[in-house]
Amino acid sequence: MDRDTIADIITSIRNADMNRKRTVRIASTNINENIVKILLREGFIENARKHQERNKYFLVSTLRHRRNRKVPSRNFLNLNLKRVSRPGLRIYSNYQRIPRILGGMGIVILSTSRGIMTDQEARLEGIGGEILCYIW
């Protein structure tokens, strides 16, 4: 049985954000690296670097600090990530039906024939793909 590395990265980031951790260590795969690049470009994380331990590579990401958080259990202040397509149920969409998260405030990460990209990039290029996750 294969591991769902996308669910692992989403869960790691969500747990670190809820517990107010500054850094997250993620296993380095091509998909994870592309997702972290998108999160870095969109401003959800501050920094990411590749780290090696005992012939295994890890991505160490620094989460963006949110100053106004007082209670960690309030959902609207936390970084929200949701895994959509999963190994047991793949969800595909053409470019016209890609959902908009919070009216465009959030992003949808898709796996397309041209690589992993955001919903905006997929709409501009006119291609659809597998919906990996929502982030808002």
Side-chain angles (χ1 to χ4, degrees):
M1 186 167 152
D2 289 332
R3 293 185 58 185
D4 187 5
T5 59
I6 299 169
D8 290 344
I9 186 175
I10 289 171
T11 303
S12 298
I13 292 172
R14 185 186 310 118
N15 289 342
D17 187 58
M18 283 179 17
N19 291 324
R20 298 181 183 176
K21 302 277 185 187
R22 290 284 295 167
T23 60
V24 179
R25 197 173 99 168
I26 303 159
S28 179
T29 63
N30 288 336
I31 293 173
N32 287 351
E33 287 180 18
N34 289 330
I35 291 173
V36 167
K37 285 178 188 174
I38 289 173
L39 293 175
L40 187 63
R41 189 176 61 227
E42 296 292 326
F44 290 104
I45 60 176
E46 285 182 5
N47 189 10
R49 61 179 163 44
K50 204 168 192 178
H51 181 69
Q52 180 181 4
E53 273 184 27
R54 299 184 191 139
N55 297 330
K56 290 187 179 181
Y57 287 95
F58 296 97
L59 293 171
V60 179
S61 301
T62 306
L63 298 178
R64 185 162 301 282
H65 181 65
R66 300 186 181 199
R67 290 182 215 123
N68 297 331
R69 291 198 312 189
K70 296 200 166 84
V71 180
S73 64
R74 298 172 88 184
N75 285 337
F76 64 90
L77 294 176
N78 290 337
L79 177 64
N80 293 306
L81 299 104
K82 182 181 178 189
R83 176 78 157 118
V84 178
S85 185
R86 50 193 170 92
L89 178 65
R90 303 288 185 185
I91 306 293
Y92 297 96
S93 175
N94 63 8
Y95 77 97
Q96 297 163 335
R97 297 186 189 268
I98 296 172
R100 294 186 191 273
I101 306 302
L102 294 178
M105 296 295 289
I107 62 170
V108 177
I109 297 180
L110 296 122
S111 176
T112 67
S113 59
R114 296 186 190 152
I116 295 178
M117 59 180 65
T118 64
D119 55 339
Q120 257 183 342
E121 296 167 345
R123 281 190 200 98
L124 286 175
E125 293 193 25
I127 55 175
E130 181 183 354
I131 300 174
L132 297 178
C133 61
Y134 300 150
I135 302 170
W136 71 95

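Bear in mind that the values here come from a model prediction, so they are computed numbers and not experimental data. Numbers here simply count residues along the sequence, with the first being 1.
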Same apolar cluster: V108 and W136, side chain cutoff 4.5 Å: yes
query: For A7 and R83, which heavy atoms make the closest approach, and how far apart are they?
result: N-NE, 3.9 Å
- prompt: Which distance, rounded to the nearest 0.5 Å, do you find between the CG of L39 and the SG of C133?
  reply: 7.5 Å
- prompt: Among the clusters formed by ILVMFWY side chains lying less than 4.5 Å apart, do M117 and I91 turn up in the same one?
  reply: no
- prompt: Any side-chain heavy atom of N30 within less than 4.5 Å of one from I116?
  reply: no
field: Non-hydrogen atoms of A122 and I98 that approach each other most closely
entry: CB-CD1, 3.8 Å
task: Please answer: with hydrophobic residues joined when any side-chain heavy atoms are less than 4.5 Å apart, are L79 and I9 in the same cluster?
output: yes
statement: Exactly one candidate in I135, V36, L81, I13 meets side-chain contact (heavy atoms from CB on, under 4.5 Å) with F44; the answer is I135
query: Out of curiosity, R123 CZ to T118 OG1, how far, rounded to the nearest 0.5 Å?
result: 8.5 Å
query: Distance from I6 atom CD1 to I109 atom CD1, nearest 0.5 Å?
result: 9.0 Å
- prompt: Any chance CD of E42 has more than 12 other-residue heavy atoms, nucleotides or ligands included, within less than 6.0 Å?
  reply: yes
task: State, yes or no, whether a side-chain contact exists between D17 and R14 at a heavy-atom distance under 4.5 Å.
output: no
query: Do D119 and I101 touch side chain to side chain, with heavy atoms closer than 4.5 Å?
result: no
Separation of N80 CG from K82 NZ (nearest 0.5 Å): 11.0 Å
- prompt: Any side-chain heavy atom of I131 within less than 4.5 Å of one from P99?
  reply: yes
message: Within the 4.5 Å heavy-atom criterion, are D8 and I26 side-chain neighbours or not?
response: no
- line: Taking every heavy atom of N32 against every heavy atom of A27, the minimum-distance pair comes out as ND2-O, 2.9 Å
Nearest-0.5 Å distance that lies between atom CD1 in I38 and atom CD1 in I107: 6.5 Å
statement: Contacts satisfying salt bridge (charged side-chain N to carboxylate O under 4.0 Å, His left out) that involve residues 97-116 (not counting sequence neighbours) are R114-E125
message: Could you check whether any side-chain heavy atom of L63 comes within less than 4.5 Å of a side-chain heavy atom of E46, counting everything from C-beta outward?
response: no
query: Are Y57 and I35 joined in one hydrophobic group, where the rule is that I, L, V, M, F, W and Y side chains link up if heavy atoms are under 4.5 Å apart?
result: no
task: Please answer: with hydrophobic residues joined when any side-chain heavy atoms are less than 4.5 Å apart, are Y92 and V84 in the same cluster?
output: no
- request: Mind checking the CD1-OG1 spacing from I45 to T23? Nearest 0.5 Å is all I need.
  value: 11.5 Å
task: Apply side chain to side chain contact (heavy atoms under 4.5 Å, CB included) to the pair R25 and H51, showing each step before the final yes or no.
output: CA-CA 9 Å; R25 197 173 99 168; H51 181 69; 5.6 Å; no
- prompt: Could you walk me through whether L110 and E130 pass the side chain to side chain contact (heavy atoms under 4.5 Å, CB included) check?
  reply: CA-CA 5 Å; L110 296 122; E130 181 183 354; over 6 Å; no
